[in-house]
Novice: 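Below is the structure I would like to discuss, written out as structure tokens.
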Amino acid sequence: MEDPTLQNTEDWTEDSKAQHLYVKAYRIMLTARLLEEKLSVLKRSGKIVGGLFLGRGQEALSVALGVYLRRGDIYAPLIRDQAGRLAFGEGILDVLRTYLGSSLGSMRGRDGNVHRGRPKEGYYAMISHLGVMVSAVSGALMARRLRGEHGVLGATCIGDGGTSTGSFHEGLNVAAVEKLPLVVVVANNQYAYSTPNSRQFACNHLIDRALGYGVAGYRVCGNDLGDCLKVLHQATSAARAGHGPQLVLADLLRLAGHADHDDARYVTDAQKASPLGRDCLLLAREKLLRENNSTEEELNEWYEEINREIESTTTRVLREPAPDPQEERWSSLATNYLHAEE
Amino acid sequence: MEDPTLQNTEDWTEDSKAQHLYVKAYRIMLTARLLEEKLSVLKRSGKIVGGLFLGRGQEALSVALGVYLRRGDIYAPLIRDQAGRLAFGEGILDVLRTYLGSSLGSMRGRDGNVHRGRPKEGYYAMISHLGVMVSAVSGALMARRLRGEHGVLGATCIGDGGTSTGSFHEGLNVAAVEKLPLVVVVANNQYAYSTPNSRQFACNHLIDRALGYGVAGYRVCGNDLGDCLKVLHQATSAARAGHGPQLVLADLLRLAGHADHDDARYVTDAQKASPLGRDCLLLAREKLLRENNSTEEELNEWYEEINREIESTTTRVLREPAPDPQEERWSSLATNYLHAEE
Amino acid sequence: MNSITYLEAIRAAQERALEEDSRVFIYGQDVGAFGGAFKATKNLAHQFPGRVIDAPISEDAMIGMAIGAAIEGMRPIIEMQFADFSLCAFNQIVNHAATLFYRTEVPCPLVVRLPCGGTPGSGPFHSQSLEAIYAHFPGLVVMTPATVEDVYTMLLEAIEIDDPVIFCEHKFLYYHLKAEALPTTALPVGKARITRPGRDATIVTYSAMLHEALVAAEELRKDGYEIEVVDLRSVKPLDTNTILASVARTGRILVVSEAFPWGGVAAEVIAHVSSEGFGLLDAPPQRLNSKDTPVPYHPLLWGTHRPTASTIISALHRLLKL
Amino acid sequence: MNSITYLEAIRAAQERALEEDSRVFIYGQDVGAFGGAFKATKNLAHQFPGRVIDAPISEDAMIGMAIGAAIEGMRPIIEMQFADFSLCAFNQIVNHAATLFYRTEVPCPLVVRLPCGGTPGSGPFHSQSLEAIYAHFPGLVVMTPATVEDVYTMLLEAIEIDDPVIFCEHKFLYYHLKAEALPTTALPVGKARITRPGRDATIVTYSAMLHEALVAAEELRKDGYEIEVVDLRSVKPLDTNTILASVARTGRILVVSEAFPWGGVAAEVIAHVSSEGFGLLDAPPQRLNSKDTPVPYHPLLWGTHRPTASTIISALHRLLKL
Ligand SMILES: Cc1ncc(C[n+]2csc(CCOP(=O)(O)OP(=O)(O)O)c2C)c(N)n1
Ligand SMILES: Cc1ncc(C[n+]2csc(CCOP(=O)(O)OP(=O)(O)O)c2C)c(N)n1
Ligand SMILES: [Mg+2]
Ligand SMILES: [Mg+2]
């Protein structure tokens with residue numbers, strides 16, 4: 001097992017590649033944040049139906065996994081992974097199409113919001129039931145191995161609450177038995193909906209589970225982009241190199257309600273005031289200003305640029321057609337000759 | 001966590017209470033062994049239908065849990081726990097009635113063989129699906145706590161294979177969160193049916209799971225009755241004293257096939273020849289002869305006595321009526337007014 | 001109280017059960033201080049300290065816990081956050097809870113509360129109607145209350161019953177459906193109710209579809225038809241007597257259910273009616289279910305996927321011409 | 001080959017699939033060197049190294065693995081040790097595998113092999129017939145082969161189909177049922193077969209009950225009745241055309257299924273026949289299922305719990321008099 005107490009970030013200002021990655025990751029985080037802010041507005045104005053789950057506070061962790069994934073890898077994000085999705089290559093057009101129910105979106109109105117993906121491109125579409133994606137990604141990796149493909153990576157994310165599911169346990173155990181190139185990122189944001197860690201598990205820290213599964217474990221400061229990038233680099237490299245599943249445990253706080261309707265009053269003031277409660281996006285921005293010679297103007301320009309793209313894409317998508325029930329095939333089978341007519 | 005390397009038995013020859021318990025446990029082990037040998041004969045002669053799973057090689061571990069249970073405790077044994085069942089108070093009459101399908105048995109022919117119990121007496125009737133009994137016993141303990149009862153103990157057993165079920169994970173995690181007085185004994189007999197540990201989990205030793213659940217863990221030599229008694233004493237005492245769930249991991253070998261039809265050829269010769277492969281019953285007998293002033297005659301007399309009881313009970317049960325389908329109520333509901341007539 | 005919602009009635013029934021029966025406790029995700037995802041346990045943790053307990057995200061263990069507690073004589077109520085998540089506990093429900101009494105003669109009195117059914121935008125995983133698959137398994141009682149009054153009295157009865165009860169609440173009714181006061185009398189579980197008497201055809205339905213059916217029946221009155229509407233209330237047991245008596249009066253039956261079509265409540269009712277009441281039928285019995293796909297996310301697709309007053313009206317017109 | 005059992009045909013189909021299609025692999029508990037609990041994969045791990053893989057006791061993960069592999073273009077076959085254990089993977093099957101194509105337009109071609117049905121002494125947890133609950137969910141194909149020939153050709157077709165297939169094998173047929181040779185032609189899945197033509201009444205059935213029905217039909221011949229026996233082969237899709245055509249000939253129908261009565265195959269078939277073929281019926285359609293309790297352990301109870309040739313005979317006599 002790797003040293004679970006890694007905390008201090010590399011001095012990346014010395015290293016232009018790391019620096020470049022940091023900047024790239026920041027920009028994606030910013031995009032995710034601004035996009036989700038727009039989604040909140042759209043939700044409040046009734047343009048989005050269904051739950052809206054925000055990744056606010058979790059962008060650094062999410063993006064840090066995404067930036068190390070390559071075309072051909074498998075990625076199964078969860079509800080708070082807008083940043084990781086963008087890093088993996090999702091366009092904001094597809095995000096908005098799905099949330100706004102455009103028939104041109106990848107889910108064509110059949111599924112919505114966070115339940116989107118393009119499985120053929122390695123971007124899996126989560127189902128709601130927590131835990132199940134771990135074994136699904138593992139199966140994909142097993143398939144690749146059976147075909148003799150190497151260097152592939154699979155990655156998925158889950159929350160502290162999701163680790164209590166039997167499905168998570170079975171999936172991670174199987175991945176460990178098969179020594180698959182899998183990275184599982186656990187975002188411990190201290191709560192599952194309103195339920196605190198103390199009612200979710202009894203170990204001192206979820207990192208203690210790694211040993212029991214026989215997988216490498218890493219502990220990371222979830223709102224420190226530098227730390228996230230460093231640890232995810234180690235974990236993704238180790239998995240790709242054939243060292244079996246890597247379990248990354250991040251501590252952080254969700255800086256929003258569980259979903260749009262939740263005011264998260266159960267989060268204690270002490271937690272909000274603690275280092276966990278700091279906003280990863282602000283921290284990264286401060287660091288860029290401090291250590292990267294970035295200027296306020298530059299960063300504000302990004303902000304404007306991204307917002308312009310979000311606005312224009314929203315306008316475009318709002319004009320797109322909704323799915324037409326009359327045009328629907330209303331069949332759930334891929335095999336045509338088995339499709340019963342009504 | 002307790003020291004996981006406990007191996008050496010107390011010098012119980014000095015301690016008459018421990019000695020007394022050892023003798024009692026031995027006698028129960030012997031009864032279980034002889035009873036199961038009779039069951040094998042009955043199975044071969046076609047008198048038993050359904051699977052016959054033997055506890056051969058696991059009696060020391062099983063009995064060591066059973067002897068520490070008291071009236072009012074909850075016990076959910078598994079397929080190889082004949083010894084523990086007898087220790088908890090099951091009579092051989094009920095065992096034979098169930099296996100031979102007597103209508104007078106506790107399951108009245110509705111269920112059979114290992115799936116027997118008397119839940120109202122704290123003796124739970126397992127279902128086949130592995131893992132589910134952990135949460136069931138936990139729920140019973142929660143109920144007792146809600147009622148203000150203290151000092152109660154719940155106990156259940158499972159195999160190495162059973163630890164891979166999601167149900168086991170959820171159950172143990174929940175018990176840990178609730179800090180319930182539960183002892184979970186894992187009999188690692190190296191195989192789940194034909195599947196070796198190497199295809200079942202990837203940790204070095206299943207004891208490594210204790211930390212991840214936040215429960216106390218013990219490692220015990222599963223064919224050493226003295227060690228089993230010592231460790232189970234610690235574990236049951238700790239649970240009863242309010243220290244939360246206790247996970248006991250025993251290493252041993254199953255000295256029989258998975259069920260009656262299996263010749264267990266997959267067990268390696270090296271394993272059979274190793275210390276794991278030694279027969280707990282013989283080891284205990286040798287120790288009694290060596291250190292307890294027991295004589296061969298005495299121990300042989302027990303053997304005869306037990307066999308006589310098994311034979312006469314078998315004769316009696318074979319004369320008992322089978323269940324009568326015409327007399328069956330054919331309803332699965334306890335609530336009479338909801339029972340639909342056919 | 002001025003106007004009580006379906007959801008509030010659920011809360012009130014639980015409050016009363018906790019108050020009157022010390023064996024009752026509630027277990028589920030976020031049911032404690034938070035009051036549950038839908039607020040069906042609002043304030044109860046505060047009113048009944050230690051008896052409204054937050055569970056980890058472990059549906060299988062939640063039911064396992066309830067089984068053990070039920071064996072020990074308690075009356076656990078398990079709240080699933082959505083009915084769909086109960087499928088993670090399917091094995092414990094159908095193989096453990098449902099078989100316990102048959103196998104051991106020890107009752108297993110637990111209630112699994114399932115927020116069921118579709119609402120716009122809820123999609124494939126937060127919309128399912130699962131009554132049929134639970135009803136298929138021996139040993140379970142499956143209730144599907146359609147009114148504020150029923151959800152209150154039936155939940156109280158569910159808690160009293162000595163068997164595991166699958167209590168299907170409809171999320172679409174949570175806030176929309178209102179009553180003036182909580183009822184003081186109750187029709188027992190196992191009895192269907194003739195919500196609207198009629199003469200020309202019978203609609204048999206339950207849960208949220210009752211209200212679509214009533215709208216359709218009212219609409220057909222304009223054309224001079226009197227449609228009888230039977231609310232099943234529980235789908236297991238199924239009150240075949242009331243159904244047959246209604247068909248005896250009308251000669252025509254349409255069964256409406258929001259669930260998937262294959263082998264659900266509609267098929268079961270029609271199988272009974274055509275086997276046992278063949279001679280009563282003036283026309284082939286008809287059924288209307290959702291389409292045979294997952295429940296779609298988009299409100300426009302969803303509105304076409306499930307039966308509505310308007311598709312019921314069309315089905316009735318067809319039935320009346322057969 | 002001299003005489004091939006139903007079980008051997010399953011093995012042979014898997015062998016052929018592994019040989020001809022490099023996308024096929026088998027995953028399940030003890031399926032590797034051991035050859036499976038029933039020996040349905042005997043020798044295959046040896047013949048196809050690395051492609052017949054032992055799984056931990058993790059049914060949920062087994063299906064999850066298969067889903068991922070299927071998305072990547074493989075054709076996994078999952079062996080459940082007994083059908084009953086598939087309920088531990090219920091969520092992955094009905095919510096993940098079954099919805100995938102509808103949601104994403106990416107096919108999910110996997111086969112779940114379920115050793116189903118009762119045998120004496122197997123009891124509540126090793127005897128279940130689960131076709132109805134899988135068929136209830138959109139997105140699954142549910143096959144229930146009753147003959148050696150069908151189990152062979154249908155398993156091959158199941159592997160080729162682009163959708164998740166629940167393949168219900170009947171354990172009672174594993175050793176008892178024999179054929180001379182493996183078939184070289186096949187009726188496609190989705191078509192029922194008229195196993196025995198008749199005139200006076202139709203029995204619709206499938207899986208092990210086909211053989212009980214055939215015995216019953218033969219017995220009624222002594223009384224001068226010609227009973228037509230339809231083998232459904234797959235319960236989803238359901239070949240209603242063949243069923244209706246048969247009822248058009250005979251005017252009478254009895255549906256026989258070993259599964260629990262509420263909302264199963266029998267209810268679904270009767271709902272179709274009475275809705276769509278009402279005018280063809282000379283008598284009320286009838287059904288015969290197991291009793292509505294868990295499957296009992298004792299052979300005497302079990303023999304009464306499930307339909308048998310003799311209870312089918314009684315039911316036919318009743319039907320013929322209606
Ligand atoms: C098996 C299952 N049970 C219940 C739910 C309902 N649910 C959705 S999100 C959630 C809380 C998840 O908490 P956590 O895993 O910590 O992720 P977070 O929301 O904190 O990011 C719950 C209970 C679910 N999705 N899946
Ligand atoms: C959930 C589940 N899946 C499959 C089975 C079938 N099965 C019965 S015993 C067994 C092996 C159990 O192995 P282990 O837990 O190590 O116990 P042992 O037999 O070695 O005592 C299996 C796979 C089961 N009982 N439950
Ligand atoms: Mg969380
Ligand atoms: Mg074992």
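The figures here come from the full heavy-atom set of this structure, side chains too, leaving out hydrogens, waters and symmetry mates.
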Novice: Cation-pi between R116(A) and Y124(A): NZ/CZ under 6.0 Å from ring centre and within 45° of the ring axis?
Specialist: no
Novice: Would you mind telling me which of L206(A), V174(A), D208(A) has the largest number of heavy-atom pairs within less than 4.5 Å of chain B?
Specialist: D208(A)
Novice: Count the heavy-atom pairs under 4.5 Å between each of A176(A), S198(A), C203(A) and chain B, then report the option with the highest count.
Specialist: C203(A)
Novice: R147(A) side chain to E149(A) main-chain N or O, any donor-acceptor pair under 3.5 Å?
Specialist: no
Novice: So which of G171(A), G131(A), A202(A) has the largest heavy-atom pair count under 4.5 angstrom toward chain B?
Specialist: A202(A)
Novice: Do Q271(A) and Y191(A) get their side chains close enough for a donor-acceptor pair, meaning under 3.5 Å?
Specialist: yes
Novice: Answer with side chain, backbone, both or neither: which region of E178(A) has an atom nearer than 4.5 Å to a non-hydrogen atom of chain B?
Specialist: side chain
Novice: Whether the Y218(B) and Q234(B) side chains hold a donor-acceptor pair (N or O, under 3.5 Å, no angle test) is what I'd like checked.
Specialist: no
